[in-house]
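Worksheet for the structure shown next.
One-based numbering, in listed order, for ligands and for the atoms of each. The chain is numbered in sequence order, starting from 1.
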Amino acid sequence: MTDKDHIVPIALIDRPYDIFVGHALIERAGVMLQQRFGPARYGIVTDENVAKAQLPRLTAGLDAAGLGYEVIVVPPGEATKSYQYLITVVEGLLAARLERRDLVIAFGGGVVGDLAGLAASVTRRGMDFVQMPTSLLAQVDSSVGGKTGINTPFGKNLFGAFHQPRLVLADLDVYQTLPEREFRAGYAEVVKYGLIDDEAYFNWLEEKRSEIFAAGPARAEAIARACAAKARFVLADEKEAGLRSLLNLGHTFGHALEKATGYSRRLIHGEGVAIGMVLAQQFSVKLGLCPSQDAVRVTRHLQLAGLPTAIADIPGETPSLETLMAAIAQDKKVERGALTFILTRGIGRSFVEKGVDADAVGAFLKDILAQ
Ligand SMILES: NC(=O)c1ccc[n+]([C@@H]2O[C@H](COP(=O)([O-])OP(=O)(O)OC[C@H]3O[C@@H](n4cnc5c(N)ncnc54)[C@H](O)[C@@H]3O)[C@@H](O)[C@H]2O)c1
Ligand SMILES: [Zn+2]
């Protein structure tokens, strides 16, 4: 099966590594790690759901390769990205007597990846780590780029570090246990890469959507192309000065909606991004930048993927204009009434606009909420 792996090279000058996308990578991890890192020991960080659904596949492969490991299991969910669980993981790694030449394996979704990556970056002044992302969002987004972190009372992801993994193994068989809703949410980030600067990729997604959702061969290609897209932005702009901010397409509106719904299961991140991307398109149409048929096409594609595309699609009480505007103002620094947004001139033609008038955003959202 090895010949069928997609390999996305991340050509960072000081720390190049590869992302593998393929089947049975979890079973094969033991051999692959042994080949690359020799007799190192491993601290596997995972959450309860992934431990139950996927961990035996990993430990069987490590056992077969004769590799030693300890498992640190944390509760699932965003609340685990906290100081408390950072300590749990760091002390778990120390208690396991892992040394600097040993490695951490982040085995889970983005929550585990962000937490374990941060723990690796500070334990013994920096341990190497391997990302084994088990959700679609983690495979196409959070495991690529080297950002790690936890949440603070002052905001999400404010305590963190840039720490690149040594290897990323994105196994396609994790989808046998990933909840369908999580898959759809991750798909919103896949679509995002097409909308940012790759119309051909968006066209291809339109054509292949059913196959991607039905676990056909297009799924591996969709994931590998998404990783390559993110890698492109990361390489151009590793520490996020400019270009990388295009990856925030749909995220200003999305974060405001997540905040307004209390980061609850009413709206998970990718769903907020789906609605946020549609709003970014519609706002761009309103500003006379984007043809309205492009906004319609994006909405239709996300709807066919089973994603929410309007604020009205969020179950429960609709967030008020005041709540949304307060969240937007908090998320983005307002400088003299101006906000930074990712706007678009059409599918694949997004750009960073620094001087967006906060009142224009307010008027746009007021119209949307009145519909
Ligand atoms: N570092 C970055 O660049 C970056 C980028 C985007 C998002 N993120 C972060 O990623 C996090 C979201 O990641 P996520 O959507 O993967 O959430 P998550 O890690 O909470 O995973 C979603 C749910 O799916 C479960 N799960 C994961 N894989 C599974 C599998 N194969 N089988 C069964 N259940 C499985 C998890 O236990 C969890 O309940 C957020 O904290 C976000 O801030 C980071
Ligand atoms: Zn996102």
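The residue among T46, V74, V112, T134 with a heavy atom at the shortest distance from atom 28 (N) of ligand 1 is T134. Evaluated by nearest non-hydrogen atom to atom 21 (O) of ligand 1, the leading choice among G160, G270, G109, P76 is G109. Nearest to atom 40 (C) of ligand 1 by heavy atom, out of R244, H269, E48, E78, is E78. Between the choices Q131, E182, K230, H251, the shortest heavy-atom distance to atom 22 (C) of ligand 1 belongs to E182. Checking N49, V144, I26 against atom 25 (C) of ligand 1, the nearest heavy atom belongs to N49. When V50, T80, V111 are ranked by how near their heavy atoms come to atom 18 (P) of ligand 1, first place goes to V111.
Classification of the F364-F283 ring pair by plane angle, with boundaries at 30° and 60°, yields tilted. Relative ring orientation between H255 and H251 is described as perpendicular, the plane-to-plane angle rising above 60° on a 0-90° scale split at 30° and 60°.
Nearest approach of A119 to L93, heavy atoms of both residues: CB-CD1, 4.4 Å.
The distance from the Zn ion (ligand 2) to the nearest N/O/S atom of E189 is under 2.8 Å.
In summary, K208 and E221 do not engage in a salt bridge, as defined by a charged side-chain N under 4.0 Å from a carboxylate O. Between K286 and D367, at least one side-chain N (NZ, or NE/NH1/NH2) sits under 4.0 Å from a carboxylate O, which counts as a salt bridge. Salt-bridge formation is detected for the pair R181/E271: a Lys NZ or Arg NE/NH1/NH2 atom is positioned less than 4.0 Å from an Asp or Glu carboxylate oxygen.
Within the 4.0 Å heavy-atom criterion, the part of D47 lying near ligand 1 is the side chain and not the backbone. Residue contacts with ligand 1, taken as heavy atom pairs separated by less than 4.0 Å, do not involve T148 at all. Proximity of E189 to ligand 1, defined as any heavy-atom pair under 4.0 Å, is not found for any part of the residue.
Under the 3.5 Å distance criterion, with hydrogens and angles disregarded, a donor-acceptor pair is assigned to the side chains of E78 and N151. Side chain to side chain, S320 and T323 meet the donor-acceptor criterion of an N or O pair below 3.5 Å. For the residue pair Q164 / Y17, a side-chain donor-acceptor distance below 3.5 Å is found, with atom types taken as modelled.
For atom 4 (C) of ligand 1, the closest heavy atom belonging to the protein is S142 CB, 3.3 Å. The protein heavy atom nearest to atom 9 (C) of ligand 1 is D114 OD2, 3.4 Å. G110 N, 3.5 Å is the protein heavy atom nearest to atom 14 (P) of ligand 1. Looking only at protein heavy atoms, the nearest one to atom 29 (C) of ligand 1 is L178 CD1, 3.5 Å. Considering only non-hydrogen protein atoms, atom 34 (N) of ligand 1 sits nearest to P179 CD, 3.8 Å. Of all protein heavy atoms, the one lying nearest to atom 12 (C) of ligand 1 is L137 CD2, 3.8 Å. When hydrogens are left out, the protein atom nearest atom 16 (O) of ligand 1 is S135 OG, 2.6 Å; that is the closest non-hydrogen contact.
Put simply, the angle at the Zn ion (ligand 2) from NE2 in H251 to NE2 in H269 is close to 100°, to the nearest 10°.
Each of V190, V174, T134 was evaluated against Q139; a single residue qualifies, V174, per the side-chain contact (heavy atoms from CB on, under 4.5 Å) test.
Tracing side-chain contacts under 4.5 Å through hydrophobic residues (I, L, V, M, F, W, Y), one never reaches V71 starting from F129; they form parts of separate clusters. In the hydrophobic cluster analysis, where Ile, Leu, Val, Met, Phe, Trp and Tyr join through side-chain heavy atoms closer than 4.5 angstrom, F20 is grouped together with V130.
For the pair R225 and Y193, the NZ or CZ position fails the cation-pi test of under 6.0 Å to the six-membered ring centre and within 45 degrees of the ring normal.
Contact atoms of ligand 1 toward K81: 9 (C), 40 (C), 41 (O), 42 (C), 43 (O) (distance under 4.0 Å to a heavy atom of the residue). Here is the list of ligand 1 atoms found below 4.0 Å of a heavy atom in T177: 30 (C), 31 (N), 32 (N), 33 (C). Atom numbering of ligand 1 starts at 1 in the shown order; those under 4.0 Å from a heavy atom of N157 are 43 (O).
Residue D141 places no N or O, backbone or side chain, under 3.5 Å from any N or O of ligand 1.
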